[in-house]
Amino acid sequence: QVQLVESGGGLVQAGDSLRLSCAASGRTFAGYAMGWFRQVPGKEREFVAAIRWSAGSTVYADSAKGRFTISRDNAKNTVDLQMNSLKPEDTAIYYCAVTYSAVHNMGLMWKNNYKSWGQGTQVTVSS
């Protein structure tokens with residue numbers, strides 16, 4: 001079983017930046033891709049971005065395109081999410097997750113394809 005631990009959340013003002021990090025540990029990590037999702041209480045968990053471990057190819061939600069950048073460090077088994085120009089509507093708990101399924105881009109957006117999740121990190125953006 002792989003363990004995922006997110007860090008880097010916090011309280012910022014609109015227009016600021018934050019960098020989230022997700023560290024994977026435990027059994028030999030052989031995931032296909034890592035994703036970032038976010039959730040606001042009372043709403044569905046929504047896709048933010050994903051990156052394939054081997055190819056490094058990325059997928060973004062429309063809300064993240066142009067503002068967020070996902071990256072990975074294969075040697076360290078970490079995945080970061082650089083978030084710029086933050087907006088109050090970005091306020092949520094952010095989760096990282098791993099999928100072992102070699103799915104296409106649309107599949108990477110579907111939370112049910114992810115098998116292990118971190119505990120989440122809170123991001124709050126004030127206006």
Side-chain angles (χ1 to χ4, degrees):
Q1 184 76 13
V2 64
Q3 290 83 42
L4 303 175
V5 179
E6 302 95 337
S7 61
L11 171 63
V12 297
Q13 293 186 332
D16 286 351
S17 299
L18 270 180
R19 189 175 185 90
L20 306 182
S21 185
C22 175
S25 62
R27 292 179 58 185
T28 302
F29 190 69
Y32 173 73
M34 293 287 291
W36 283 97
F37 290 74
R38 65 187 184 187
Q39 188 169 21
V40 175
K43 292 190 176 181
E44 288 286 322
R45 190 167 297 189
E46 66 174 11
F47 171 77
V48 177
I51 187 167
R52 293 180 174 87
W53 274 111
S54 179
S57 56
T58 57
V59 182
Y60 293 94
D62 287 343
S63 59
K65 288 178 182 176
R67 299 190 301 128
F68 295 2
T69 302
I70 188 170
S71 60
R72 93 278 193 230
D73 186 325
N74 292 38
K76 296 181 180 180
N77 278 348
T78 57
V79 174
D80 289 354
L81 184 68
Q82 176 66 43
M83 304 187 295
N84 299 328
S85 302
L86 283 162
K87 306 174 182 180
E89 50 264 42
D90 294 318
T91 296
I93 299 174
Y94 284 70
Y95 300 90
C96 67
V98 60
T99 178
Y100 302 94
S101 304
V103 295
H104 46 57
N105 285 357
M106 288 295 292
L108 289 178
M109 299 181 179
W110 191 33
K111 61 181 183 294
N112 288 355
N113 278 329
Y114 291 82
K115 300 306 179 186
S116 295
W117 294 80
Q119 82 290 347
T121 185
Q122 176 71 48
V123 172
T124 304
V125 184
S126 63
S127 58

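This one's a predicted model, so the numbers in the text were calculated from it and none came from an experiment.
- In this structure, the separation between CZ on F68 and CG on L86 is 5.5 Å, given to the nearest 0.5 Å.
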Where do V123 and M83 land on the side-chain contact (heavy atoms from CB on, under 4.5 Å) test, with the steps shown first? CA-CA 10 Å; V123 172; M83 304 187 295; 3.9 Å; yes
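- The two residues W53 and G31 make their nearest non-hydrogen contact at CD1-O, 3.2 Å.
- When every heavy atom of Y94 is checked against every heavy atom of V48, the shortest pair comes out as CE2-CG2, 4.3 Å.
- For S85, the side chain to side chain contact (heavy atoms under 4.5 Å, CB included) partners at least two apart in sequence or on another chain are R67.
- Ring-centre distance between W117 and F37: below the 6.0 Å cut-off.
- Residue pairs meeting the salt bridge (charged side-chain N to carboxylate O under 4.0 Å, His left out) criterion with at least one partner in residues 49-59, sequence neighbours excluded, do not occur; the list is empty.
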### Message
I'd like to know whether R38 forms a side-chain contact (heavy atoms from CB on, under 4.5 Å) with D90, so could you lay out the CA-CA distance, the side-chain angles of the two residues, the decisive distance to 0.1 Å, and finally the verdict.
### Response
CA-CA 9 Å; R38 65 187 184 187; D90 294 318; 2.9 Å; yes
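- Pairs passing the salt bridge (charged side-chain N to carboxylate O under 4.0 Å, His left out) check and including a residue from residues 95-122, sequence neighbours excluded, read E44-K111.
- Between T69 atom OG1 and L81 atom CG the span is 8.0 Å, to the nearest 0.5 Å.
- Between the T99 side chain and the S101 main chain, a donor and an acceptor come within less than 3.5 Å of each other.
- Between the CE atom in M34 and the OG atom in S71 there is a gap of 11.5 Å [rounded to 0.5 Å].
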Show the atom names and distances, to 0.1 Å, of all donor-acceptor pairs under 3.5 Å that link a side chain in residues 10-24 to residues at least two apart or in another chain.
residue, atom, partner, partner atom, Å
D16, OD2, Q13, N, 3.1
S17, OG, N84, OD1, 2.9
R19, NE, D80, OD2, 3.1
R19, NH1, Q82, OE1, 3.0
R19, NH2, D80, OD2, 3.3
S21, OG, D80, OD1, 2.9

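- Residues meeting the salt bridge (Lys or Arg N to Asp or Glu O under 4.0 Å) test with K65, sequence neighbours left out: D62.
- Using a distance-only test at 3.5 Å, with no hydrogens or angles considered, no donor-acceptor pair links the side chain of Y114 to the main chain of W36.
- Among all heavy-atom pairs drawn from Q39 and K43, the shortest one is NE2-O, 3.0 Å.
- Rounded to the nearest 0.5 angstrom, Q122 CD and E6 CD are separated by 12.0 Å.
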- Given T91 and V40, is the side-chain contact (heavy atoms from CB on, under 4.5 Å) satisfied, shown in steps? CA-CA 7 Å; T91 296; V40 175; over 6 Å; no
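- When ring centroids are compared, Y100 and Y32 stay outside the 6.0 Å threshold.
- Nearest heavy atom pair, residue L108 against residue A33, reads CD2-CB, 3.6 Å.
- Side-chain atoms of N105 never come within 3.5 Å of backbone atoms of V59 as a donor-acceptor pair (strictly under, hydrogens ignored).
- Each disulfide (SG to SG under 2.5 Å) pair with one or both residues in residues 35-88, not counting sequence neighbours, would appear here, but there are none.
- To the nearest 0.5 Å, the span separating CG on L4 from OG on S116 amounts to 6.0 Å.
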